[in-house]
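Below: the structure, in structure tokens.
We use all heavy atoms of the structure for the numbers below, so side chains are in, but hydrogens, waters and symmetry mates are not. Here, residue 1 is the first one in the sequence, and each next residue gets the next number.
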Amino acid sequence: MAEQKSNQEFETKNVGQEIKEALVKADVSGDWSGFLDMMDDDVTFRATIPEGTPISGVFRGKIKVVEYFDAVLPSVASFSQNKPMEFIVDQNKVIVLGDDTYTIVKNGKSQRSPYAMVIDFKDDKISSILIIQDLSGIYLAYAPNP
């Protein structure tokens, strides 16, 4: 007889699947609304880039994170996937592996870089997002003395 999943395991898989679908939609259409709507009011967002750029630091709260995706990031760089994203859903976490090219608005230069995104969720809402990526091209564009 097949093992039955608990309600919590089923709900976790559904939330993880919803996050995956929202990210794929955002990648294909540029519409981040489904992903942004899934965020908790106290969500935190951080990318691994040193201080000194508009995308440096920790963005706290849904309003700030939505502003990051809607206005701040597009004013700094545009991103395009080089291959389909891979997803790992486990417990209350979604890990996204990808490879994209970003073009920096300030100088028009492009850089290709793989990345990992770690998304934690609780009670059907995204609670934190961490992007681990080589964003040195962006940092150098904003550094006072590169």
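Among pairs with a residue in residues 73-89, those fulfilling side chain to side chain donor-acceptor pair (under 3.5 Å) read Gln81-Tyr115, Asn82-Asp99, Asn82-Thr101, at least two apart in sequence or across chains. A salt bridge (charged side-chain N to carboxylate O under 4.0 Å, His left out) check over residues 39-48, counting only residues at least two apart or in different chains, returns nothing. Sorted by first and then second residue, the side chain to side chain donor-acceptor pair (under 3.5 Å) pairs involving residues 58-69 (not counting sequence neighbours) form an empty list.
Closest heavy-atom contact between Gly34 and Ala22: C-CB, 4.0 Å. Taking both residues in full, the closest heavy atoms of Pro114 and Gln133 are given as O-CG, 3.6 Å, listed atom of the first, atom of the second, then distance. Scanning all heavy atoms of the two residues, the minimum distance from Pro50 to Ser56 falls at O-OG, 2.5 Å. Pairing each heavy atom of Val89 with each of Gly16, the nearest pair is CG1-CA, 3.8 Å. Pairing each heavy atom of Lys106 with each of Tyr142, the nearest pair is NZ-CD2, 3.8 Å.
Note: Tyr102 and Phe79 have tilted aromatic rings, judged against thresholds of 30 and 60 degrees for the angle between ring planes.
Partners of Ser33 under the side chain to side chain donor-acceptor pair (under 3.5 Å) rule, at least two apart in sequence or in another chain, are Asp31. Applying the side chain to side chain donor-acceptor pair (under 3.5 Å) rule to Asp120 yields the partners Lys93, Ser128; only residues at least two apart in sequence or on another chain are considered.
The closest side-chain heavy-atom distance from Thr53 to Val76 is not below 4.5 Å. Residues Leu23 and Trp32 meet the side-chain proximity criterion, which asks for heavy atoms closer than 4.5 Å. Between Leu130 and Thr48 the shortest side-chain heavy-atom distance falls below 4.5 Å.
The distance from the CD1 atom of Ile131 to the CD1 atom of Ile119 is 8.0 Å, given to the nearest 0.5 Å. Atom-to-atom distance recorded for Ile138:CD1 and Leu73:CG is 7.0 Å, nearest 0.5 angstrom. Put simply, CZ on Arg112 and OG1 on Thr103 are 12.5 Å apart, with the number rounded to the nearest 0.5 Å. Here the straight-line distance linking atom CD1 of Ile132 with atom CD1 of Ile49 works out to 14.5 Å at 0.5 Å rounding. For the atom pair Asn107 CG and Leu140 CG, the distance stands at 9.0 Å (nearest 0.5 Å).
A donor-acceptor pair is defined here as one N or O able to donate and one able to accept, closer than 3.5 Å; no such pair exists between the side chain of Ser127 and the backbone of Val43. Under a 3.5 Å cut-off, the side chain of Gln111 and the backbone N or O of Gly137 do form a donor-acceptor pair.
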- Start with the C-alpha distance between Phe69 and Leu36, add both sets of side-chain angles, then the distance that settles side chain to side chain contact (heavy atoms under 4.5 Å, CB included), and finish with yes or no. CA-CA 8 Å; Phe69 280 96; Leu36 299 174; 3.7 Å; yes
- Item | Verdict with reasoning, Ile129 to Met39, per side chain to side chain contact (heavy atoms under 4.5 Å, CB included) | CA-CA 10 Å; Ile129 304 166; Met39 293 185 189; 3.6 Å; yes
- Might you work through the side chain to side chain contact (heavy atoms under 4.5 Å, CB included) test for Met117 and Phe87, ending with a clear yes or no? CA-CA 10 Å; Met117 183 185 318; Phe87 295 87; over 6 Å; no
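Figure legend: cation-pi geometry between Lys25 and Phe35 absent, as NZ or CZ is not positioned both under 6.0 Å from the six-membered ring centre and within 45° of its axis.
Surrounding NZ of Lys109 are at most 12 heavy atoms belonging to other residues, nucleotides or ligands under 6.0 Å away. Annotation for Lys20: atom NZ does not count as buried by contact number, only 12 or fewer foreign heavy atoms lying within 6.0 Å.
In the hydrophobic clustering (ILVMFWY side chains linked at under 4.5 Å, chained through shared members), Leu97 is joined by Ile88, Ile95.
A single hydrophobic cluster is not seen to contain both Phe121 and Val118; linkage of ILVMFWY side chains at heavy-atom distances under 4.5 Å, directly or through other members, places them apart.
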